[in-house]
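Below is one structure, written out as structure tokens; the observations come after it.
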Amino acid sequence: MPELPEVEVTRLGIAPAITGLRLQRVRLGKPLRWPLGCAPELLHGRVITGVRRRGKYLLLDLDQGAVLVLHLGMSGSVRILDKDNPPGPHDHVDLVFADRLLRLHDPRRFGALIYADSSDAPHVHKLLVKLGVEPLSEQFSPQTLKTGFQGRSVSVKQALLAGDVVVGVGNIYASEALFLAGIHPKTAAGRIGPARLAKLHAAVVQVLAQAVEKGGSSLRDFVAADGSHGHFQLSAQVYGRAGQPCRVCHAPIKHIVQGQRSTYYCAQCQH
DNA sequence: AGGTTGACCTGTCAGC
DNA sequence: TGCTGACAGGTCAACC
């Protein structure tokens with residue numbers, strides 16, 4: 001369920017709640033996408049020294065340079081709860097502290113919690129090696145897209161989603177960013193000129209930054225760390241609006257499938 | 001090397 | 001009401 005904004009909002013929610021706390025124990029439910037990678041007991045007594053984000057991965061820093069890599073998959077959400085709160089059938093990770101716990105709720109179990117020690121430094125873990133630039137950092141520029149898309153025949157929608165050029169743009173925000181930039185989602189990534197790449201760069205930043213500001217409320221069933229369900233606002237320009245009138249030109253929004261994922265666009269506004 | 005496809009797993013909703 | 005199929009916010013691994 002989460003794209004970068006939801007992961008970032010989750011980070012902002014849990015960081016103040018667990019930074020500096022000592023882990024008492026780890027409770028695991030059903031298996032997730034990957035195994036933890038160490039004995040849970042190894043984590044007992046370790047201290048959370050900070051919470052970072054890389055793409056859609058949350059990085060819980062531990063003392064001694066180790067890291068717990070947390071991914072929410074398609075259906076994951078993280079909450080801070082009272083220590084005695086009993087787990088439900090889809091609660092597959094509890095990091096238990098003295099008075100509270102951090103819980104991963106993930107019905108589809110595409111998420112993961114992975115222990116990484118310093119042996120994978122500086123990448124933290126091999127899963128993070130091929131990730132592209134952070135879109136909300138100064139590293140991200142129109143040049144990032146120019147270099148990354150150069151010579152690539154894949155559609156710009158799929159290139160955005162792939163995450164090897166720029167991270168964090170998921171299926172919803174890819175459609176939204178392309179609409180904002182006026183670019184047709186089927187356009188070959190390598191055939192977009194500098195001026196349009198500049199528009200796309202600005203659109204990606206705008207869409208993601210705005211979603212973070214709104215607290216990730218753009219996703220239907222996103223649950224923040226404090227348990228609040230962000231009010232889902234029908235703020236999408238195109239996503240999920242097949243057949244409905246474009247908010248700009250009133251032409252009907254189109255729906256296509258690219259790489260087995262839904263794409264929405266306005267054929268009149270996007271070329 | 002880049003592009004394409006299948007796989008992972010469960011809940012929800014539309015249609016019959 | 002119950003069954004079936006399509007679909008859902010991610011992304012890796014295996015194939016061409």
Side-chain angles (χ1 to χ4, degrees), chain A residues 1-10 29-35 37 53-58 69-78 88-93 104-114 123 125-132 135 147-178 185-191 204 207-208 211-212 214-224 229-230 232-243 255-264:
Chain A
M1 65 178 22
E3 299 190 25
L4 181 143
E6 291 71 35
V7 178
E8 177 63 11
V9 168
T10 298
K30 288 187 184 176
L32 295 166
R33 176 157 190 188
W34 289 289
R53 179 187 56 74
R54 177 76 177 99
K56 296 170 192 166
Y57 294 90
L58 285 169
V69 179
L70 181 62
H71 198 283
L72 305 181
M74 288 275 262
S75 59
S77 59
V78 165
H90 300 306
D91 296 329
H92 302 304
V93 174
L104 173 65
H105 174 85
D106 185 8
R108 291 179 71 182
R109 294 192 278 133
F110 289 168
L113 179 74
I114 304 163
H123 296 296
H125 190 273
K126 63 176 182 178
L127 290 174
L128 311 190
V129 171
K130 283 180 279 186
L131 295 186
T147 309
F149 288 175
Q150 194 127 47
R152 290 180 66 172
S153 61
V154 73
S155 75
V156 62
K157 156 75 185 317
Q158 289 171 278
L160 277 177
L161 220 47
D164 54 344
V165 175
V166 57
V167 294
V169 184
N171 202 41
I172 292 179
Y173 298 124
S175 282
E176 294 297 308
L178 287 168
K186 280 187 176 174
T187 313
R191 303 192 143 227
V204 166
V207 162
L208 294 180
V212 172
K214 286 186 180 175
S217 61
S218 49
L219 292 201
R220 223 167 291 270
D221 47 4
F222 175 65
V223 182
H229 292 246
F232 178 60
Q233 317 213 335
L234 295 172
S235 55
Q237 299 294 306
V238 290
Y239 188 85
R241 298 192 63 240
H255 171 254
I256 57 174
V257 174
Q258 297 179 281
Q260 307 172 326
R261 312 298 302 280
S262 280
T263 302
Y264 300 85

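In what follows, chains carry the letters A, B, and so on, assigned in the order in which the sequence lines appear, proteins first and then strands, with residues in each chain numbered from 1.
The CD atom of A:Gln258 sits 15 Å away from the P atom of C:dC7 (whole-angstrom rounding). One interatomic measurement links the two molecules: CG of A:Leu72 to C1' of C:dG10, which rounds to 10 Å at whole-angstrom precision. Taking atom NE2 of residue A:His125 and atom P of nucleotide C:dT11, one finds them 14 Å apart after rounding to whole Å. Distance NZ (A:Lys126) to C1' (C:dC12): 10 Å, rounded to an integer number of Å. A:Leu131 has its CG atom 7 Å from the P atom of C:dC12, to the nearest Å. Following rounding to the nearest Å, A:Tyr239 (OH) and C:dC7 (P) show an atom-to-atom distance of 12 Å. With rounding to whole Å, A:Leu128 atom CG is found 11 Å from C:dT11 atom P. Separating the CZ atom of A:Arg191 from the P atom of B:dG3 is a distance of 13 Å, rounded to the nearest angstrom.
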- Task: Test side chain to side chain contact (heavy atoms under 4.5 Å, CB included) on A:His90 and A:Ser75 and set out the steps.
- Result: CA-CA 10 Å; A:His90 300 306; A:Ser75 59; over 6 Å; no
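Distances shown here put every side-chain N or O of A:Tyr173 at or beyond 4.0 Å from the OP1 or OP2 atom of C:dG10. A close approach under 4.0 Å does not occur between any side-chain nitrogen or oxygen of A:Ser75 and OP1 or OP2 of C:dG10. For C:dG10, neither phosphate oxygen OP1 nor OP2 lies less than 4.0 angstrom from any side-chain nitrogen or oxygen of A:His71.
For the salt bridge (charged side-chain N to carboxylate O under 4.0 Å, His left out) condition, the pairs that include at least one residue of residues 160-171 of chain A, sequence neighbours left out, are A:Arg152-A:Asp164.
Every residue meeting the side chain to side chain donor-acceptor pair (under 3.5 Å) condition with A:His105, not counting sequence neighbours, appears here in chain and number order: A:Asp91. Considering only residues two or more places apart in sequence or on other chains, A:His255 meets the ring-ring contact (aromatic ring centres under 6.0 Å, His included) condition with A:Tyr264.
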Tell me which donor-acceptor pairs under 3.5 Å the side chains of residues 156-163 of chain A have, and how far apart each pair is, sequence neighbours excluded?
residue, atom, partner, partner atom, Å
A:Lys157, NZ, A:Asn171, OD1, 2.9
A:Lys157, NZ, A:Ser262, O, 3.2
A:Lys157, NZ, A:Thr263, OG1, 2.7
A:Gln158, OE1, A:Ser155, OG, 3.0

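Under a 3.5 Å cut-off, the side chain of A:Arg33 and the backbone N or O of A:His71 do not form any donor-acceptor pair.
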- Message: Please convert DNA chain C into dot-bracket. A pair counts if it is Watson-Crick or G-U wobble with both distances under 3.5 Å; crossing pairs go in [ ] and bases paired with another strand get |.
- Response: .|||||||.|||||||
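Applying side chain to side chain contact (heavy atoms under 4.5 Å, CB included) to A:Leu70 and the options A:Val93, A:Val7, A:Leu113 leaves one that passes, A:Leu113.
Among the atoms of the strands shown, none is found under 4.0 Å from any heavy atom of A:Leu161. Residue contacts for A:Arg152: at a heavy-atom cut-off of 4.0 Å it reaches the sugar-phosphate backbone alone, with no base atom in range.
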- Query: When every nucleotide of nucleotides 6-11 of chain B is labelled 5' to 3' by its protein contacts under 4.0 Å (heavy atoms), B for base, S for sugar-phosphate only, - for none, what sequence of letters results?
  - Reply: B-BBBS
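Look at the P atom in both C:dA14 and B:dC9: the space between them is 16 Å, to the nearest Å.
Atoms NZ and CG, on A:Lys126 and A:Leu128 in that order, are 11.5 Å from each other to the nearest 0.5 Å.
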